[in-house]
Amino acid sequence: MMAPLGRGIAGPGAGTHPPVPPSSPFRILHVSTGNVCRSPITERLHRHALELRLGDARSGGLLVESAGTWGHEGAPMETHAATVLTDYGADPAGFLGRELLDEHVIRADLVLTATRDHRAQVISMGHSAGLRTFTLKEFNRLVRAIDPATLPEPDPDLPDGGLVERARALVGAAAALRGWLLAPNPESDEVYDPYGAPITFFRSIGDEINQALDPVVTALTGVPARA
């Protein structure tokens, strides 16, 4: 689905990303168009992966949300999207769509979009979002090139397990690599829209998203997926 820009009150580069106190969670925002297919799948699969690796208590340092550049405010996710989540053991319950607003971008420490167009729309909203906004597959490519030894180690003695400091370092390292590690072709950074497609296509998109998330969650947490 093609869509207009998300609502923004400032032009590109305007505003600042306010400093975040250490006790605040690290906010990850997944963005697609309607916020009823791709971004709900990504949000709930991301949460599920964090819970599997860290447990409910330790995953609290990372807060995962989603919104849509043309979001269907208050709408449930598509039925096929919910089915895909159930296939992976993730919970689709209680989801409601949201339209992407300035406040979502301002609060986000990392924005992961379905496509390059969504990425451009987020950046165009301003709020110094450029260095913390990537497509999901772009971020996957970048974090796989980062040496985990250069990131802060998780620290179980800290309330957030050291996850916030590690996540911030990861985003900075990925942003520094962006101009050096280019995609083999533009399409490789895209997650295509399954809206209106049969369940088989939704499942293929779910598999793409799940595979793209795996190294991202490993890099964020320092915990690999269970075999």
Side-chain angles (χ1 to χ4, degrees), residues 1-22 24-35 37-43 46-47 61-73 97-143 145-146 151 163-183 186 188-191 193 209 212-213 216-217 219-220:
M1 295 189 297
M2 297 300 295
L5 299 181
R7 282 191 253 154
I9 57 175
T16 58
H17 188 47
V20 182
S24 296
F26 183 92
R27 290 178 176 266
I28 302 168
L29 178 67
H30 292 288
V31 174
S32 63
T33 303
N35 195 214
C37 297
R38 287 168 291 182
S39 50
I41 290 173
T42 316
E43 174 197 316
H46 199 157
R47 288 188 189 181
L62 303 175
L63 180 61
V64 184
E65 304 172 303
S66 65
T69 56
W70 199 20
H72 301 307
E73 190 74 29
R98 301 192 305 175
E99 181 178 358
L100 181 66
L101 302 177
D102 291 89
E103 63 193 68
H104 302 142
V105 177
I106 290 168
R107 289 200 307 257
D109 298 287
L110 171 62
V111 184
L112 297 176
T113 69
T115 69
R116 292 167 296 147
D117 181 60
H118 297 130
R119 182 185 63 195
Q121 291 181 54
V122 171
I123 293 171
S124 77
M125 294 173 74
H127 314 301
S128 302
L131 292 178
R132 51 196 166 90
T133 303
F134 310 79
T135 74
L136 172 63
K137 288 186 175 181
E138 174 191 23
F139 197 65
N140 165 290
R141 182 176 70 254
L142 296 172
V143 300
I146 295 169
L151 301 173
L163 295 176
V164 171
E165 182 186 4
R166 182 182 177 92
R168 289 178 184 158
L170 181 68
V171 172
L177 275 177
R178 179 155 35 196
W180 299 93
L181 191 62
L182 302 177
S188 65
D189 279 345
E190 305 280 285
V191 176
D193 193 353
I209 291 170
L213 279 173
V216 170
V217 177
L220 284 167

Which residue, [options], forms the side-chain contact (heavy atoms from CB on, under 4.5 Å) with [X]?
| X | options | result |
| --- | --- | --- |
| Val31 | Leu136, Val111, Thr115 | Val111 |
| Thr133 | Arg119, His118, Glu138 | Arg119 |
| Leu213 | Thr42, Leu220, Asn140 | Thr42 |

I'd like to know if the side chain of [X] reaches the main chain of [Y], judged simply by a donor and an acceptor atom lying under 3.5 Å from each other, with no hydrogens or angles considered.
| X | Y | answer |
| --- | --- | --- |
| Arg132 | Ala108 | yes |
| Glu190 | Arg116 | yes |
| Arg38 | Val191 | yes |

So, taking the atom named [atom1] in [X] and the one named [atom2] in [Y], what distance separates them when rounded to the nearest 0.5 Å?
| X | Y | atom1 | atom2 | value |
| --- | --- | --- | --- | --- |
| Glu65 | His104 | CD | NE2 | 7.0 Å |
| Leu63 | Arg107 | CG | CZ | 8.5 Å |
| His72 | Glu99 | NE2 | CD | 10.5 Å |
| Arg168 | Asp109 | CZ | CG | 6.0 Å |
| Leu170 | Leu151 | CG | CG | 5.5 Å |
| Ser66 | Leu112 | OG | CG | 11.5 Å |

Heavy-atom side-chain contact between [X] and [Y] under 4.5 Å:
| X | Y | value |
| --- | --- | --- |
| Asn35 | Pro40 | yes |
| His46 | His30 | yes |
| Phe26 | Leu163 | no |

- Six-ring centre of Phe134, Arg178 cation under 6.0 angstrom, axis tolerance 45°: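 Output yes; distance and angle both within limits.
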- Message: I'd like to know whether CG of Leu131 has more than 12 heavy-atom contacts from other residues, nucleotides or ligands below 6.0 angstrom.
- Response: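 No, CG of Leu131 has 12 or fewer neighbouring heavy atoms, counting only those of other groups under 6.0 Å.
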